[in-house]
Peer 1: 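This is the structure, below, for whatever I ask next.
Only heavy atoms go into these numbers, but all of them, side chains included; no hydrogens, no water, no symmetry mates. Just follow the structure's listing: the first ligand is 1, and inside any ligand the first atom is 1.
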Amino acid sequence: MAISDLALIEAWKDVLTLSKLTPGEQVSLLVSDDSNPQLVSTARTAVGQLGGVLTILQLPPLNGDVALSRDKSGYVGHTALKGNRPALEAMKHSDLVIDTMMLLFSPEQEEILKTGARMLLACEPPEVMLRMKPTLDDARRATNAANRLAKAKTLTVTSKAGTDFRCAIGQYPVLKQQGFVDKPGGWDHWPSCFVATWPDEGSCEGVIVIDTGDILLPFKRYAREPIHISIEGGWIRKIEGGFEAEYLRSYMDSFNDPDAYAMAHVGWGLHKKAHWTTLGLYDREAGLSMDARSFYGNFLWSSGPNTEAGGTRDTPCHMDIPLRGHSLSLDGEPMTLDGKVIPEDQN
Ligand SMILES: O=c1ccc(O)c[nH]1
């Protein structure tokens, strides 16, 4: 349903205030042809009202002829910013970059963040942005979870459907997503609330079972039958099942890129206003489905790129696969049990 400009301006002001936007700060607003016009226009007004010094960067679209869908998260890391020095320099000299285009997993995003600029991705439908607007309580949950993740050495995941997965962690930084960005050099995504990290290279072992009802992104589909994923030495070795497995294999094979089969971030969802069910109620192309990535108690795992963690794998093939009813533990301590978040400090 539609959202009024006024409501979205107020939401932007709340999120930018949480992101510590102060008068006089340099703000770059990155826009492309498929940015949401209402998001862009209300962001401009909100930044202005909060005293930000605004630069709007409009970049031409890219990848439309090589990506296999219009989902921005389905073809990542290779953006129109590549080789565009004026735009890159403008963002490197900004205090805050608002990204409505999706730079996620691009080397340019890391180059910008290294300057101390903070970056907020914002590209969901306005009604989703409002429903999942971040709060300090989201940040509290995400921070408590991130602190545990940062101290842990092993991450294990099981499920009644047969998942039995483990990996060593600590080599890569923790990804904490709280929906606003309040630290220099930080990145976040409004709307989201989850934590993750990348497994130590070569350490992932076991089986992940995508059960009926689990979600496959960017397919925006609920699996209708189980898929068995065999993982060895950090790589997806086998994808077995019926049609769903064949479809997933065929999609990943089409990128012709061995890095597509690398395990990527693993973690769990902490957003209390995100729902497993929402995916079934939206047009598939309406957004990225941050409900699916963030719903409370999910086990979110992914495949492909790790540039965001400082790695070198920049394959454009990125699957995000949030699962229900899983039990994730850190050094043997349960964070979720059958899809329920356990630690009180993440309640
Ligand atoms: O917000 C996001 C979206 C996709 C992803 O892989 C990570 N975080």
Peer 1: If you link I, L, V, M, F, W and Y whenever their side-chain heavy atoms are under 4.5 Å apart, who else ends up in the same group as Trp276?
Peer 2: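 Ile215, Leu217, Tyr222, Leu279, Phe295, all in the cluster of Trp276.
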Peer 1: Under 3.5 Å, side chain of Thr79 to main-chain N/O of Leu81, donor-acceptor pair present?
Peer 2: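 Yes, because the side chain of Thr79 sits within donor-acceptor range (under 3.5 Å) of the backbone of Leu81.
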Peer 1: State plainly whether the residues Lys272 and Asp137 are in salt-bridge range, i.e. N to O under 4.0 Å.
Peer 2: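 Asp137 and Lys272: not salt-bridged.
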Peer 1: Mark yes or no: Arg293 above the aromatic ring of Trp301, with NZ or CZ under 6.0 Å from the six-membered ring centre and no more than 45 degrees from the axis.
Peer 2: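 Negative - Arg293 is either too far from the ring of Trp301 or too far off its axis.
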Peer 1: In terms of the angle between their ring planes, are Tyr247 and Phe243 parallel, tilted or perpendicular, with boundaries placed at 30° and 60°?
Peer 2: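 Correct class here is tilted.
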Peer 1: Give the residues near ligand 1 by chain and number, with the criterion being a heavy-atom distance under 4.0 Å.
Peer 2: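 The answer is Leu104, Phe105, Gln177, Trp187, His189, Phe194, His265, Met290, Arg293, His318, Asp320, counting any residue whose heavy atom sits under 4.0 Å from ligand 1.
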Peer 1: Is it the case that the ring center of Phe194 lies less than 6.0 angstrom away from the ring center of His271?
Peer 2: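 No, too far apart.
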